[in-house]
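Take a look at the structure below.
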Amino acid sequence: MLIRNAELEGGAICDVRIDREGIVAIGQIAACDGEPVFDGDGGLLLPGLHDHHIHVAALAAAQASVKCGPPEVNGPDDFAAALRTAGSGWLRATGYHESVAGLLDANALDRITVDRPVRVQHRSGRMWFFNSPGLDAILANRSAPPGLERVDGGYTGRLFDEDDWLRATLGSAPPAFAAIGTQLARSGVTGLTDMSPGNGPLIARHFAAERASGSLPQHVLLAGGFDLVDTATPDGISLGAAKLHLHEADLPPFDDVIAFIHRAHALGRVVAVHCATEVELIYTLAAFAEAGVAPGDRIEHASVTPDTALADIARLGLIVVTQPHFIFERGDIYRTDVESRDQPFLYRLRAFLDAGITLAAGSDAPFGSADPWMAMAAATSRRTRAGATIGPSEALTPERALDLYLRDPEKLGQRRRVAIGAPADLCLLDRPWASARSALSSDLVRATFIGGRLVFNRIDQPPAQRGGRVYPPA
Ligand SMILES: [Zn+2]
């Protein structure tokens, strides 16, 4: 296929020939007989975006669930109405935050409904709340796991960090990924790194099946546990980092963290550590200082990074994978919940780059929006949904914000470019960069190519789905 009249980064207008082998020619090119031609109309042609931190199975499950947190649900009445959605069997609700109706337990949920089993996931993804019928259902055939909170001999209905147990108990098969593949393609995303710590051979097989059927067109880099091995990662799926999920309230013994890092490195795998609090970050940096850092080792989130920790990240040569959109999506809650002295250290961006630290970004969906363009816009504005600003000196230029999604997923220190020999994974915008850079939004994406194949073409969509733009008949 020939993509004609596309702008490349730097401003040159070129024709680009692609096939499954990748980009085979760039320049002023005449179409061959019968060759399909796609007119780029002067729009910017980029390497496809890569989401460097996402949880696809959880996102698919969340999309089949009731939303019960901001911005859709904001108070006790909204929350009760959401849980009283008509239906039978399990009601699964996600995105809860205590600003809605306080810290939940079974009693609070029972006052809303005891007609069906209900489970509500906290927005952090680390906590579930059950009503009494829900508790009865999960304990019907299995004994309680350690993470099921018990007070005075009774269960409160709160379950902490027991997703594997819960999955086994509910016997749930991984959900279909097709809707997510389509949604990501519409945003120009051609690859993703799934960072779920529980990823093992079962989920690897599910990803393989969804890719083979075409439901999930994106390339997949699969992080996870040690039971995830190369032989379990079929075509189109690469083996990613060994993921360590720390929890400030229950940190593992220091020696165990060191052993985890050594084991991953011995297997030739990089290490990715979840650091959503300052304590988790400091603990992790101490562990890396002791165990050693391999090229590619990464800090996920780095949600709160004081200057001393930032200097340690730079000195150790660690990579940071951040979520710029949390400032937009959660910033108004941060402004009330996070101590004001810590607010300048939230989801820093510019400071990492100024310190020479490699920085990439991922959505953390379903815990954040899966739209990378919304995250880029937040990276340039640092504005919250209500319009306040957090850490304005951390703002990036649009070019640097875009760069967070153009790093090579397996070698984050390297930037991908549209060049001969590069994969034909491409994102075509509907306008040149000079006008796109001040209008960052997924409405810019006109077409997406993966492996030389057109997987999204906005012109195919009815006008209502084209961001409201209606093209007059030619
Ligand atoms: Zn995550």
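We're numbering straight along the sequence, starting at 1. Remember, it's 1-based here, ligands and their atoms both numbered in the order they're listed.
With no hydrogens or angles considered, no side-chain donor-acceptor pair links E329 and Q323 at under 3.5 Å. Between the side chains of E98 and H122, at least one donor N or O lies within less than 3.5 Å of an accepting N or O.
Residues R348 and E394 are paired through a salt bridge, judged by an N-O separation under 4.0 Å between the basic side chain and the carboxylate. Between R400 and D403, no side-chain nitrogen of the basic residue sits less than 4.0 Å from a carboxylate oxygen of the acidic one, so the salt-bridge criterion is not met.
Between the OD1 atom of D364 and the NE2 atom of H53, the angle centred on the Zn ion (ligand 1) amounts to 90° when rounded to 10°.
Not a single N, O or S atom of H274, from either the backbone or the side chain, sits less than 2.8 Å from the Zn ion (ligand 1). At a cut-off of 2.8 Å, H301 does not coordinate the Zn ion (ligand 1) through any N, O or S atom.
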